[in-house]
Protein chains: 4
Amino acid sequence: MTTQRPSSNPARRSEASRRAILTAAFELVGEVGYAKLSIEGIAARAGVGKQTIYRWWPSKGTVLLDAFLMLSGGQDGEAALPDTGDLEADLKTVLRATVAELNDPRYDEPMRALATEIAHDPELAAAYSERLDGPMRELKKERLRAAQRAGQLALDLDLDVAVEMVWGPLLNRWLQRGGPLTPGYADSVVETALNGLRPRG
Amino acid sequence: MTTQRPSSNPARRSEASRRAILTAAFELVGEVGYAKLSIEGIAARAGVGKQTIYRWWPSKGTVLLDAFLMLSGGQDGEAALPDTGDLEADLKTVLRATVAELNDPRYDEPMRALATEIAHDPELAAAYSERLDGPMRELKKERLRAAQRAGQLALDLDLDVAVEMVWGPLLNRWLQRGGPLTPGYADSVVETALNGLRPRG
Amino acid sequence: MTTQRPSSNPARRSEASRRAILTAAFELVGEVGYAKLSIEGIAARAGVGKQTIYRWWPSKGTVLLDAFLMLSGGQDGEAALPDTGDLEADLKTVLRATVAELNDPRYDEPMRALATEIAHDPELAAAYSERLDGPMRELKKERLRAAQRAGQLALDLDLDVAVEMVWGPLLNRWLQRGGPLTPGYADSVVETALNGLRPRG
Amino acid sequence: MTTQRPSSNPARRSEASRRAILTAAFELVGEVGYAKLSIEGIAARAGVGKQTIYRWWPSKGTVLLDAFLMLSGGQDGEAALPDTGDLEADLKTVLRATVAELNDPRYDEPMRALATEIAHDPELAAAYSERLDGPMRELKKERLRAAQRAGQLALDLDLDVAVEMVWGPLLNRWLQRGGPLTPGYADSVVETALNGLRPRG
DNA sequence: GTATAAACGAGACGGTACGTCGCGTCTTTAA
DNA sequence: TTAAAGACGCGACGTACCGTCTCGTTTATAC
């Protein structure tokens, strides 16, 4: 993290405190909810002075983002979306997994917290885009590119639009509580996105 | 509204205070941002005691929702989406208008505020769904139903899914700041949603 | 009460409400203490609108004063201090009774409430002086005058000073919690006041 | 002060804030009166957060008590009542000074405030007794003891009663506004207390 | 008898202050 | 030098009452 505030020397940073803070933040937001998540609470739970948080993170949102990065840090880099050759099936598999995760109370609240912080903080949104969403989106686009090569997708597609066409409806329904998130809904979205709303010949 | 909290008598409610509060809330969230929006600030701006807010609204989010309802109250009821017979053109018109509104700083912050409150408050989400989103969605479905009758849409479509397929990507990109909101993007979404990702004939 | 605010017609005044308010005030101050005594609480306990209190009393203190007047109203007028011919014994009797009353939790708090309101409100003090303390003091002075006639008291005494010499130490110790209020203390005060601090021949 | 609430570390306490709070409290009670004295007002005048007051003082009364202690802190310890050998003259001197102080508007309101807080708060009364009234009373008793040694006072006197016999009437008249506080009244009280009410042979 | 005007209960209103929580900064002590 | 600890000025929270002000509803003369 070379762009961190230069006044502090990251070399001296306590790794134990960092992990304790991120773990505490993730757990707390799940337990007490986003509205009652406080820096003081995180510091107390982590057994850390408040200053240690303020020294290394500029906002509550960045702590949350780092917490998510730590959790997803293991499989980072080499992960890829499944590719059985059947795009529709593969997308349904992935979206069903997403549905399961969004329905899991351990992840629901923390993800809402991060999502709403992003909605109000452009800088955090940029960091999120670069470090979490960007890599994820690249994997998705890679899978779609493979489908294009296999002739299963139109060649003139804007892949960013395509990705949003598949994941956007689901995430929007989740965050806005626009309806139940079920495996069947995931399937519907995939089918409709692939076939379009118009009747097919 | 017979389900009003019984401890207060709505008959005695001051309509002037109600309007002042909703106006102040909407203006303030636009001026100082959601993070700095406070009940205290709303009360001060509206020239009203705090208790008058707490007496009639259970949360900041419900105040915001009512503020939106008041603003959109005029054209309520008889509004309808344009229907020129050309579904694609009509949807592009509507989505371009939505893009313009979401890019308007007067509406951007207030809408984000409401959207993120909804994301954290199921009760508010239900109220929003019933009083703002529901009627809006009905208009959208009505336009799609007309297109179905005209043979422009598949007959076996789940219209709720269809609506989300058109508006979901846009709203998700907006709220999560996933990319620029341009008229061209609106067009892309409409085209892709109608035609689907798969190659056509 | 002919000096009552002329804008209201006392003739129409509800005697039932008046009694309910005074009773509620006296009871409440005993139950919840002076600090938590509120007009709202009195009104609620009395089953009365707040305005009915504000209409007839200018302050909490005057309500308390009237409550005391109502309670002591029965034996008003013809009461007198005991006169057995033995001044010392009579004063001890009276002061022991006073000690007992001040130690009674039913009267302690209300009396403290009234006393401290008086300490901060000259108008209330004047009303108290005229309507409660004055008549009481007259009885005391009358008893002392009888003792003077009997040659038991110096003839050049300022009877107001004399009264305060007997009751002042007791009331001061009570209000300021300067020490325990016991019958023995009452006796000591009477003896010392009568004999003086100087050695007697 | 080892009995300080253990949750706060007195070592870290800001002496500047402490003095500012006590000064502000004393000044404010004199300016706006006891009824309008508020913690919020004290904090604002002192340039201090409310929490800093709540952290170190349990009640408004204890703040006032400490304010008095700070003011009387200078001459603490070595002070003594005048002793010219003439007890009556000395007591008149002291009581006239007391009368002057109680008539001084700078001290009247603050002293009433403290006195009435004490009347309603036994804990505060104990603290007052220990830290302000106790030492004062010791000085008074010391002067009376000297008079006893000089044969000017009865030897079997209860000195606590004696002190109250001299100061009680005065303080009671002051606090209850039972009459004017004049130098002549002070003289009367001293004379009557020394000689007693009974005629002297 | 009826009208009419007050006093009444109820309680909403604009305010002030309460006592608490958390913010982000700063200072002290120990490792 | 970093870290735990926590005091500090500050601002907002949600609550309790203040004293004022309508609201209908008794109620009790004055027509």
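Letters A, B, ... mirror the listed sequences (proteins, then strands); counts begin at 1. In this text the structure is predicted, and so the values were computed from the model without any measurement.
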- Query: Taking N and O atoms by type only, does the side chain of B:Lys50 place a donor or acceptor under 3.5 Å from a partner on the base of E:dG15?
  - Reply: no
- Message: With a 4.0 Å cutoff (strictly under), does any side-chain N or O of D:Thr52 reach OP1 or OP2 of F:dG9?
- Response: yes
- Message: Quick check for you: to the nearest 0.5 Å, what is the distance between B:Leu114 atom CG and B:Leu64 atom CG?
- Response: 6.0 Å
- Note on the structure: Whole-Å distance, A:Trp57 CH2 to E:dT25 P, equals 16 Å
- Give the intermediate values and the outcome of side chain to side chain contact (heavy atoms under 4.5 Å, CB included) for residues C:Thr52 and C:Arg55. CA-CA 5 Å; C:Thr52 301; C:Arg55 184 154 31 225; 3.7 Å; yes
- Given D:Phe68, which of D:Phe26, D:Tyr107, D:Tyr128 fulfils the ring-ring contact (aromatic ring centres under 6.0 Å, His included) condition? D:Phe26
- Whole-Å distance, C:Arg55 CZ to F:dT22 C1', equals 13 Å
- Task: Measure the CG-CG distance between D:Leu71 and D:Leu22 for me, rounded to the nearest 0.5 Å.
- Result: 8.5 Å
- Nearest-angstrom distance from the residue atom OH of C:Tyr54 to P of F:dC17: 12 Å
- Task: Kindly say whether B:Ala20 contributes a backbone atom to a donor-acceptor pair with the side chain of B:Thr23 at under 3.5 angstrom?
- Result: no
- Could you tell me the separation between the CD1 atom of C:Ile21 and the C1' atom of E:dG9, rounded to a whole number of Å? 11 Å
- Drop me the distance from D:Trp56's CH2 to D:Ile21's CD1, to the nearest 0.5 angstrom. 10.5 Å
- Message: Under 4.0 Å, heavy atom to any atom of DNA chain F: which of residues 109-126 of chain A qualify?
- Response: none
- For D:Arg18 and F:dC8, what is the distance between atoms CZ and C1' respectively, to the nearest whole Å? 17 Å
- Message: Between D:Arg12 and B:Arg12, which residue's closest nucleotide on DNA chain E lies nearer the 5′ terminus?
- Response: B:Arg12
- Query: Heavy atom of residues 32-48 of chain D under 4.0 Å from DNA chain E: which residues?
  - Reply: D:Ser38, D:Ile39, D:Glu40
- Comparing B:Gln51 and C:Lys60 on DNA chain F - which has the more 5′ nearest nucleotide: B:Gln51
- Decide, yes or no, whether a salt bridge links D:Glu109 with D:Arg112 under the criterion of side-chain N to carboxylate O below 4.0 Å. no
- To the nearest 0.5 Å, what is the distance between CG (B:Asp121) and CZ (A:Arg177)? 7.5 Å
- Note on the structure: To the nearest angstrom, the CG-C1' distance between B:Leu28 and F:dA12 comes to 14 Å
- Message: Using a strict threshold of under 4.0 Å (side-chain N to carboxylate O), is an ion pair present between A:Asp66 and A:Arg131?
- Response: yes
- Message: Side-chain N or O of B:Trp56 versus OP1/OP2 of E:dC13: is the shortest distance under 4.0 Å?
- Response: yes
- Given E:dA7, is OP1 or OP2 found less than 4.0 Å from the side-chain N or O atoms of C:Ser17? no
